[in-house]
Amino acid sequence: MDSGKPSKVQKFTGHWSQGLLTSMDDPELVVKSDDRAVIIKDKYPKAKHHFLVLPKETLPNLKSLKPEHVDLLEHLEKMARHLVDTTDKTLKFRYGYHAVPSMSHLHLHAISQDFDSPCLKTKKHWNSFTTEYFVDSKDVIERLKKHGKVEYDIKENTALLNNDLRCHVCGSAQKNMPALKTHIKCHSYKVES
DNA sequence: GTTCTAGAAC
DNA sequence: GTTCTAGAAC
C-alpha cells in the first residue's frame with residue numbers, strides 16, 4: 001500500500017560543500033586540465049570571467065598545505081595565468097584564495113575585476129572578493145615558503161564579510177548591492193597598455 | 001555554495 | 001507598497 005510519504009527520487013550527490021569534486025568531472029564546466037590540476041568555470045561566476053583551479057591531489061583547504069606544496073601552488077597560478085592569457089587579455093584579473101572558503105577542496109580563483117555578473121548578489125559575495133578575505137596567490141605562496149603552513153583566523157576573516165560596501169576601485173561607500181552594482185560600471189577594468 | 005522568504009528598510 | 005537583506009535549510 002501507498003504510505004502517502006513522498007519517495008526520494010533524486011539521487012544523493014553528496015553534501016553541497018563537496019560540490020567541487022562533482023564539478024571537476026563535469027565536461028560542461030572543465031575548460032582545461034593537466035596531470036596535476038583541473039580548471040573549471042565557476043558554476044555561479046561572479047564576474048565576466050571566473051575560473052577555479054583545483055589540484056588533482058586531495059587537498060581539502062589551505063590548512064592541509066605542507067612545505068612540499070609550494071611548487072604545486074606555483075603551478076596552479078601559472079596554469080590560471082596561461083588560461084587567462086589565451087582567453088581574455090583585455091581585462092584585469094586577480095588570482096587568489098578565500099581565507100575561509102565554504103566549499104571543500106582547495107581552489108584558486110581567477111576572476112576578472114569587472115564583477116559584472118547576475119550571480120553576484122550579496123554583501124558576502126562582494127566582500128569575499130574585495131576585502132583581505134581574498135588572499136592573492138602570491139601571498140599564500142610566500143606564507144607557505146616562510147612559515148611552512150598557511151592558516152587564517154576564522155573569526156577575524158568571517159567578520160570581514162560584514163564590512164560596509166565599498167567600491168574596490170575608488171573606495172566610495174555604497175548604500176546597498178544594487179547601488180554598488182550600478183556604481184562599479186563607471187570604472188574601466190581593462191589592462192593598461 | 002545557493003534557494004527561499006520573512007520582515008526590515010525605504 | 002516595493003525593495004532589499006539576512007538567516008534557515010533535518
Side-chain angles (χ1 to χ4, degrees), chain A residues 3-31 37-65 76 80 93-137 140 150-168 172-186:
Chain A
S3 68
K5 231 177 165 183
S7 61
K8 295 214 171 180
V9 287
Q10 201 177 28
K11 252 191 255 175
F12 182 68
T13 49
H15 190 256
W16 59 262
S17 65
Q18 300 301 318
L20 291 177
L21 283 94
T22 315
S23 298
M24 277 175 88
D25 292 323
D26 185 346
E28 291 285 308
L29 295 176
V30 174
V31 291
V38 177
I39 306 184
I40 62 173
K41 288 187 277 189
D42 192 296
K43 213 170 171 180
Y44 299 91
K46 304 303 186 291
K48 281 183 178 146
H49 301 286
H50 187 183
F51 303 107
L52 302 180
V53 191
L54 303 114
K56 286 186 172 174
E57 175 182 348
T58 301
L59 288 167
N61 48 49
L62 293 170
K63 214 175 155 181
S64 40
L65 292 171
L76 298 182
F93 275 74
R94 278 187 77 189
Y95 305 84
Y97 299 84
H98 281 159
V100 188
S102 303
M103 306 284 274
S104 182
H105 209 103
L106 189 73
H107 52 286
L108 168 68
H109 292 266
I111 185 165
S112 59
Q113 294 298 295
D114 49 275
F115 295 110
D116 176 8
S117 165
C119 298
L120 183 87
K121 296 173 177 175
T122 70
K123 174 185 267 196
K124 180 174 174 172
H125 289 155
W126 181 252
N127 285 332
S128 74
F129 286 102
T130 61
T131 68
E132 312 90 275
Y133 188 97
F134 188 87
V135 192
D136 283 313
S137 171
V140 169
V150 182
E151 206 161 357
Y152 294 102
D153 186 86
I154 294 176
K155 215 173 163 185
E156 187 181 303
N157 279 282
T158 303
L160 292 172
L161 298 176
N162 287 312
N163 279 6
D164 290 339
L165 295 172
R166 287 191 174 280
C167 171
H168 62 317
S172 68
Q174 301 296 321
K175 68 175 184 296
N176 57 30
M177 282 305 293
L180 172 82
K181 293 191 62 137
T182 299
H183 167 82
I184 60 176
K185 287 178 187 164
C186 82

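Chain letters run A, B, ... following the sequence lines, proteins first and then strands; every chain starts at 1. The structure presented is a predicted model; accordingly, all values stated were derived computationally and were not measured.
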Those residues of residues 174-181 of chain A lying under 4.0 Å from DNA chain C by at least one heavy atom: N176(A), M177(A), P178(A)
Taking 4.0 Å as the cut-off, does a side-chain nitrogen or oxygen of [X] come that near to OP1 or OP2 on [N]?
X	N	value
K123(A)	dG7(C)	no
K124(A)	dG7(C)	no
K121(A)	dT3(B)	yes

Is there a side-chain contact (heavy atoms from CB on, under 4.5 Å) between H49(A) and I111(A)? Walk through the geometry before answering. CA-CA 6 Å; H49(A) 301 286; I111(A) 185 165; over 6 Å; no
Gap between atoms [atom1] and [atom2], on [X] and [N] respectively (whole Å):
X	N	atom1	atom2	value
L165(A)	dC4(C)	CG	C1'	12 Å
L161(A)	dT5(C)	CG	P	15 Å
W126(A)	dG1(B)	CH2	C1'	19 Å
L54(A)	dG1(B)	CG	C1'	14 Å
D164(A)	dA6(C)	CG	P	11 Å
W16(A)	dA8(C)	CH2	P	14 Å

Contacts satisfying side-chain hydrogen bond (donor to acceptor under 3.5 Å, both in side chains) that involve residues 114-127 of chain A (not counting sequence neighbours) are S112(A)-D114(A), T122(A)-H125(A), W126(A)-T130(A)
How about [X] and [Y]: are their ring centroids closer than 6.0 Å?
X	Y	answer
Y95(A)	H109(A)	no
F129(A)	H98(A)	yes
F115(A)	H168(A)	yes

Which heavy atom in [X] sits nearest to a heavy atom in [Y], and how many Å separate them?
X	Y	answer
A80(A)	A110(A)	CB-CB, 4.2 Å
P45(A)	H50(A)	CA-ND1, 3.6 Å
S64(A)	N61(A)	OG-O, 2.6 Å

How does DNA chain B look in dot-bracket notation if pairs are Watson-Crick or G-U with both distances under 3.5 Å, crossing ones as [ ], other-strand ones as |? .|||||||||
Interface with DNA chain B, restricted to residues 101-115 of chain A and to heavy atoms under 4.0 Å: S102(A), M103(A)
What residues from residues 21-30 of chain A pass a heavy-atom cutoff of under 4.0 Å to DNA chain B? none
Tell me, please, which residues at least two apart from E156(A) pass salt bridge (Lys or Arg N to Asp or Glu O under 4.0 Å). none
Step by step, would you call L52(A) with I39(A) a side-chain contact (heavy atoms from CB on, under 4.5 Å)? CA-CA 6 Å; L52(A) 302 180; I39(A) 306 184; over 6 Å; no
Can you establish whether the number of heavy atoms outside [X] located under 6.0 Å from its atom [atom1] is more than 12?
X	atom1	result
D153(A)	CG	yes
K181(A)	NZ	yes
K56(A)	NZ	yes

Start with the C-alpha distance between R94(A) and D136(A), add both sets of side-chain angles, then the distance that settles side-chain contact (heavy atoms from CB on, under 4.5 Å), and finish with yes or no. CA-CA 7 Å; R94(A) 278 187 77 189; D136(A) 283 313; 3.2 Å; yes
